[in-house]
Amino acid sequence: MSGDRDAVLLVRVGRRLVALALDHLVEVVDPGVPIDVPVRQPALRGLTSIRGKLVSLVHLGALLEGSTCPERVGEAGIVIAVGNRRICLEVEGVEEVLRQPALPVPPGAERLPWALGVTRGPGGLVPVLDLPALGGRLVDGGS
């Protein structure tokens, strides 16, 4: 649907908002109780069961900050499709869907290395994340 090409989902990660393009989202779920597994990526909390299949559960805020997962599991999981794999991004909350085209990343915004662009949110500009790049970082096992 062409109207959805410019649609993004605003989510809360830590104390900030980020936007996720709807064209990569599969569904919003309860992240459930994670299953602990040995991990190399500090943002990878473990696995969670989505519709009877085990999926990697990654804390989005920890991934963006290069830190470890907070002790408490987030309120929502955003299942994204990366190639033929699905990943569940754990977030603190889901805010709203915005239907507006993304704007270019402003010059000098080096603090937004994973942003494809920005969108106007309720409190100002919000980065639109490059989900394939973030997901590829996890799939490839990069740090």
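Heads up: numbering here begins at 1 and tracks the sequence.
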**Request:** Compare every heavy atom of Ala76 with every heavy atom of Val28, then report the nearest pair and how far apart it is.
**Result:** CG1-CB, 4.4 Å
**Asked** Would a hydrophobic clustering, with Ile, Leu, Val, Met, Phe, Trp and Tyr connected at side-chain separations under 4.5 Å, put Ile80 with Leu20?
**Response** yes
**Message:** If hydrophobic clusters are built from ILVMFWY residues whose side chains come within less than 4.5 Å, do Trp114 and Leu44 share one?
**Reply:** yes
**Prompt:** Glu96 versus Pro122: any side-chain heavy-atom pair under 4.5 Å?
**Reply:** yes
**Request:** To the nearest 0.5 angstrom, please state how far the CG atom of Leu22 sits from the CZ atom of Arg99.
**Result:** 6.5 Å
**Request:** For residues Gly32 and Val73, report the shortest heavy-atom separation together with the two atoms involved.
**Result:** O-CG1, 4.1 Å
**Item:** Hydrophobic cluster membership, Val37 vs Leu63, 4.5 Å side-chain cutoff
**Value:** yes
**Fill in**
d(Ser56 OG, Ile50 CD1) to nearest 0.5 Å is 11.0 Å
**Selection residues 52-81 - residue pairs positive for salt bridge (Lys or Arg N to Asp or Glu O under 4.0 Å), sequence neighbours left out** = none
**Request:** Assess whether side chain to side chain contact (heavy atoms under 4.5 Å, CB included) is satisfied between Val126 and Leu98, documenting all intermediate values.
**Result:** CA-CA 11 Å; Val126 176; Leu98 299 177; over 6 Å; no
**Message:** For the CD1 atom of Ile35 and the OG1 atom of Thr48, what is their distance to the nearest 0.5 Å?
**Reply:** 7.0 Å
**Prompt:** Out of curiosity, Leu134 CG to His24 NE2, how far, rounded to the nearest 0.5 Å?
**Reply:** 10.5 Å
**Asked** What's the shortest heavy-atom distance between Arg86 and Val55, and which atoms?
**Response** O-CG1, 3.3 Å
**Item:** Val82 to Pro132 - nearest heavy-atom pair and separation
**Value:** CG1-O, 4.3 Å
**Prompt:** Can you list the steps and then say if Leu60 with Leu129 is a side chain to side chain contact (heavy atoms under 4.5 Å, CB included)?
**Reply:** CA-CA 10 Å; Leu60 182 56; Leu129 300 183; 4.0 Å; yes
**Message:** Could you report the tightest heavy-atom contact between Ala43 and Cys69, atom names first, then the distance?
**Reply:** O-SG, 3.2 Å
**Item:** Taking every non-hydrogen atom, the tightest pair across Gly77 and Pro31
**Value:** N-CD, 3.7 Å
**Item:** Cluster overlap Val91 with Val26, hydrophobic side-chain contacts below 4.5 Å
**Value:** no
**Asked** Rounded to the nearest 0.5 Å, what separation is found between the CG atom of Leu47 and the CG atom of Leu57?
**Response** 8.5 Å
**Request:** Taking Glu92 for its side chain and Gly14 for its backbone only, find out whether a donor-acceptor pair lies under 3.5 Å.
**Result:** yes
**Message:** Count I, L, V, M, F, W, Y as connected when their side-chain heavy atoms are under 4.5 Å apart, and connections chain through other members. Are Val58 and Leu54 then in the same cluster?
**Reply:** yes
**Asked** side chain to side chain contact (heavy atoms under 4.5 Å, CB included) with Val18: which of Leu10, Val13, Val128?
**Response** Val13
**Request:** Kindly determine whether Leu25 and Leu131 satisfy side chain to side chain contact (heavy atoms under 4.5 Å, CB included), including the steps that lead there.
**Result:** CA-CA 9 Å; Leu25 274 60; Leu131 292 176; 3.8 Å; yes
**Item:** Between CG on residue Asp130 and CG on residue Leu116, distance to nearest 0.5 Å
**Value:** 4.0 Å
**Message:** Just checking Arg12: does its CZ atom have more than 12 heavy atoms from other residues, nucleotides or ligands closer to it than 6.0 angstrom?
**Reply:** yes
**Prompt:** What do the steps show when you test Glu95 against Val11 for side chain to side chain contact (heavy atoms under 4.5 Å, CB included), and what is the final call?
**Reply:** CA-CA 5 Å; Glu95 300 294 320; Val11 298; over 6 Å; no
**Message:** With a 3.5 Å distance limit and no angle check, can you tell me whether Arg45 reaches the backbone of Pro70 through a side-chain donor-acceptor pair?
**Reply:** yes
**Message:** When you measure from the side chain of Gln100 to the backbone of Arg120, do you find a donor-acceptor pair of N or O atoms at a distance under 3.5 Å?
**Reply:** yes
**Item:** Glu27: side chain to side chain donor-acceptor pair (under 3.5 Å) partners, not counting sequence neighbours
**Value:** Arg51
